[in-house]
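A short write-up of the structure that comes next.
This chain uses plain numbering: 1 for the first residue, then up along the sequence. Below, all heavy atoms of this structure are taken into account, side chains as well, without hydrogens, waters or symmetry copies.
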Amino acid sequence: MTHKPKLKLATTSLAGCFGCHMSFLDMDERLIELLEHIEFDRSPFTDIKQLDHCDIGLIEGGVCNAENVHVLRTYRANCRILVAVGACAINGGVPALRNHFSLKECLEEAYVKTPDMINPHIPDDPELPLLLNKVYPVHEVVKIDYFLPGCPPSADTFYRFLSELIEGKEPQIGKVELRYD
Ligand code: SF4
């Protein structure tokens, strides 16, 4: 019997909280089963720094700074199937609440106006990625192939979605897994 080559999977967190990655890990022992068919490339789960060509890229988090834009474009260029995972990636999520305020207001509130700040000033080291004026959903920056809703999507949703991709089927999300909270 010929074994199909493993699908290469990359993941990343942009303006996310890593909750979607934690929910991925909540697949628990089913991860061992998936690893028969999937191998990780660049991901917070690995130490791989350079993204290779991949079959699937899972993107957690919206886009809030210049580095997020760069990483997202790199994933789009290298992943055959790119997936927006979770509310933040799909519509900006909770971090997009800052869109109600100007970036200047947000930075001053955090770094200047907070009581008892020692040396209050807005960080400006050139190594820090510049924040965008707004937080954007990923589909406003690159083309996205699939959206997994939820904050976070459940482990069952991840499992079903990946299993169907492994089987070469068009992934469907069942009513039970379809949630936005
Ligand atoms: S969708 Fe929810 S769990 Fe996922 S990164 Fe955003 S806040 Fe965290």
Looking at side-chain heavy atoms only, is the closest gap between Leu14 and Cys64 below 4.5 Å?
-> no
In Å, rounded to the nearest 0.5 Å, how long is the span from NZ of Lys8 to CD1 of Ile56?
-> 12.5 Å
Between Arg179 and Cys151, is there a donor-acceptor pair closer than 3.5 Å when you use the side chain of the first and the backbone of the second?
-> no
How many angstroms lie between atom CZ of Arg160 and atom NZ of Lys169, to the nearest 0.5 angstrom?
-> 9.0 Å
Counting distance only, does the side-chain N/O of Glu140 pair as donor-acceptor with the main-chain N or O of Pro137 below 3.5 Å?
-> no
If you round to the nearest 0.5 Å, how far is CG of Leu103 from CD of Glu108?
-> 10.0 Å
Pair Asp52-Arg42, side-chain contact (heavy atoms from CB on, under 4.5 Å): steps then yes or no | CA-CA 8 Å; Asp52 199 357; Arg42 179 176 159 181; over 6 Å; no
May I ask whether Tyr75 and Leu7 are part of the same hydrophobic cluster, defined by side-chain heavy atoms of I, L, V, M, F, W, Y residues being less than 4.5 angstrom apart, directly or through others?
-> no
May I have the step-by-step check of side-chain contact (heavy atoms from CB on, under 4.5 Å) for Leu97 and Val94, ending in yes or no?
-> CA-CA 6 Å; Leu97 287 174; Val94 171; 4.0 Å; yes
Pair Lys49 + Asp47: basic N to acidic O under 4.0 Å = yes
How far apart are the C-alpha atoms of Phe24 and Leu162, what are their side-chain angles, what is the distance that settles it, and do they pass the side-chain contact (heavy atoms from CB on, under 4.5 Å) test?
-> CA-CA 11 Å; Phe24 182 101; Leu162 291 172; 3.7 Å; yes
Is Leu72 close to Leu82 at the side-chain level, that is, under 4.5 Å between some pair of heavy atoms?
-> yes
Residues which pass salt bridge (Lys or Arg N to Asp or Glu O under 4.0 Å) with Asp124, listed by chain and number, not counting sequence neighbours | none
Would you say Leu131 and Leu107 make side-chain contact, with heavy atoms under 4.5 Å?
-> yes
Any sub-3.5 Å donor-acceptor pair from Thr11's side-chain atoms to Ser43's backbone N or O?
-> no
Keeping the roles fixed (side chain from Asn91, backbone from Gly93), state whether a donor-acceptor pair exists under 3.5 Å.
-> yes
Answer whether the closest heavy-atom distance between the side chains of Val69 and Leu132 falls below 4.5 Å.
-> yes
Answer yes or no: is there a side-chain heavy-atom contact under 4.5 Å between Asn78 and Cys54?
-> no
If you draw a 6.0 Å radius around CD in Glu167, do more than 12 non-hydrogen atoms from other residues or ligands fall strictly inside?
-> yes
Looking only at heavy atoms, what is the nearest atom pair of Asp125 and Glu127, with distance?
-> OD1-N, 2.8 Å
In the single-linkage hydrophobic clustering (I, L, V, M, F, W, Y; side-chain heavy atoms under 4.5 Å), do Ile122 and Met117 co-cluster?
-> yes
Residues Ser13 and His21: side-chain donor-acceptor under 3.5 angstrom | no
When every non-hydrogen atom of Asn68 is compared with those of Gly62, the smallest separation belongs to OD1-O, 3.9 Å
hydrophobic_cluster_shared for Val85 and Ile90, side chain cutoff 4.5 Å | no
Identify the two heavy atoms, one from Leu178 and one from Tyr180, that lie closest to each other, and give their separation to 0.1 Å.
-> CD1-OH, 3.9 Å
Without swapping roles, check the side chain of His121 against the backbone of Asn119 for a donor-acceptor pair under 3.5 Å.
-> yes
Determine, using the 4.5 Å side-chain heavy-atom cutoff (strictly less than), whether Phe40 and Phe158 are members of one ILVMFWY cluster.
-> yes
In Å, rounded to the nearest 0.5 Å, how long is the span from CD of Glu67 to NE2 of His70?
-> 8.0 Å
Side chains of Ile38 and Lys6: does their closest heavy-atom pair fall under 4.5 Å?
-> no
Quick one: CE on Met27 to OG1 on Thr157, what's the gap to the nearest 0.5 Å?
-> 10.0 Å
Nearest heavy-atom pair of Ile144 and Ala84: which atoms, and what distance?
-> CG2-N, 3.7 Å
Is there a donor-acceptor pair under 3.5 Å between the side chain of Glu60 and the backbone N or O of Cys20?
-> yes
Name the one of Asp55, Leu58, Asp41 that satisfies side-chain contact (heavy atoms from CB on, under 4.5 Å) with Leu9?
-> Leu58
Spell out, as yes or no, whether a donor-acceptor pair under 3.5 Å connects the side chain of Ser23 to the backbone of Gly19.
-> no
Phe45, CZ atom: more than 12 neighbouring heavy atoms under 6.0 Å = yes
Is a donor on one side and an acceptor on the other found under 3.5 Å between the side chain of Ser102 and the backbone of Glu105?
-> yes
Apply side-chain contact (heavy atoms from CB on, under 4.5 Å) to Phe101 and Asn99, showing your working.
-> CA-CA 5 Å; Phe101 304 92; Asn99 294 355; over 6 Å; no
Is Met22 linked to Leu34 within one hydrophobic cluster, defined over Ile, Leu, Val, Met, Phe, Trp and Tyr using a side-chain heavy-atom separation of less than 4.5 Å?
-> yes
If only atom types and distance count, is the side chain of Asp145 paired as donor or acceptor with the main-chain N or O of Val83 below 3.5 Å?
-> no
Is the side chain of Arg76 donor-acceptor paired with the backbone N or O of Arg80 at a distance under 3.5 Å, no angle test?
-> yes
Value rounded to 0.5 Å, distance of CD1 in Ile59 from SG in Cys88 = 13.0 Å
